[in-house]
Amino acid sequence: MRLALVLICVLAAHATAQGGTRPRWETLPMPPALPEPDDRGAVDVEGARIAYSIYGKGEPVLLLHGGLGNSGHFGFQLPALVDRFQ
């Protein structure tokens, strides 16, 4: 009985995955292109070269992307921040 239940669950999950239902993260829109920064450059920190871009005026806010990310992922956040923050 348990084996039959497990097989039904596995087959149902497989059928759902094959039915065109994609995980939400695969359907999110790509972020818009970043505007031209007010300043950009790079610094060397303990052997790592770190690029930076500066946008807006005001109190500074530091945005750090994760592991395989890049600054292009901040296309939705920057417009909300540049009017009040640097």
Side-chain angles (χ1 to χ4, degrees):
M1 183 70 171
R2 281 188 178 172
L3 180 58
L5 183 57
V6 169
L7 286 175
I8 290 170
C9 290
V10 168
L11 290 173
H14 181 68
T16 300
Q18 298 301 318
T21 304
R22 293 173 35 193
R24 184 166 185 248
W25 66 269
E26 289 184 0
T27 63
L28 295 174
M30 294 299 293
L34 296 176
E36 190 64 30
D38 298 326
D39 190 17
R40 73 174 79 193
V43 295
D44 291 315
V45 179
E46 297 183 16
R49 187 156 181 81
I50 301 173
Y52 66 87
S53 296
I54 298 176
Y55 300 88
K57 303 285 185 248
E59 292 292 315
V61 172
L62 180 63
L63 301 177
L64 299 171
H65 62 74
L68 298 176
N70 62 62
S71 61
H73 294 148
F74 297 129
F76 289 117
Q77 288 83 6
L78 276 176
L81 296 171
V82 296
D83 290 339
R84 293 182 46 212
F85 300 100
Q86 178 183 37

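Index from 1, following the sequence.
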Problem set entry | Glu46 atom CD, neighbour heavy-atom count above 12 within 6.0 Å | no

Problem set entry | Shortest non-hydrogen contact between Tyr55 and Val82, atoms and distance | CB-CG1, 3.6 Å

Exercise. Roughly how far, to the nearest 0.5 Å, is CG of Leu28 from CZ of Phe76?
Worked result: 8.5 Å

For this session: May I ask you to test the Asp38-Lys57 pair for a side-chain heavy-atom distance under 4.5 Å?
Result: yes

Seminar exercise, completed: Shortest non-hydrogen pair, Arg40 vs Pro37, comes out as NH2-CD, 3.0 Å

Exercise. Could you give the distance from CG (Leu63) to CG (Leu78), rounded to the nearest 0.5 Å?
Worked result: 6.0 Å

Problem set entry | Step-by-step side-chain contact (heavy atoms from CB on, under 4.5 Å) determination, Arg84 to Val61 | CA-CA 10 Å; Arg84 293 182 46 212; Val61 172; over 6 Å; no

Exercise. With no hydrogens and no angle check, is any side-chain donor or acceptor of Asn70 less than 3.5 Å from a backbone partner on His65?
Worked result: no

Seminar exercise, completed: For Leu34 and Phe74, the nearest pair of non-hydrogen atoms, with its separation, is CD2-C, 3.9 Å

Exercise. Roughly how far, to the nearest 0.5 Å, is the CG atom of Leu81 from the CD atom of Gln86?
Worked result: 12.0 Å

For this session: Please check if Ile54 and Val43 belong to a single hydrophobic cluster, counting links between Ile, Leu, Val, Met, Phe, Trp and Tyr side chain heavy atoms closer than 4.5 Å.
Result: yes

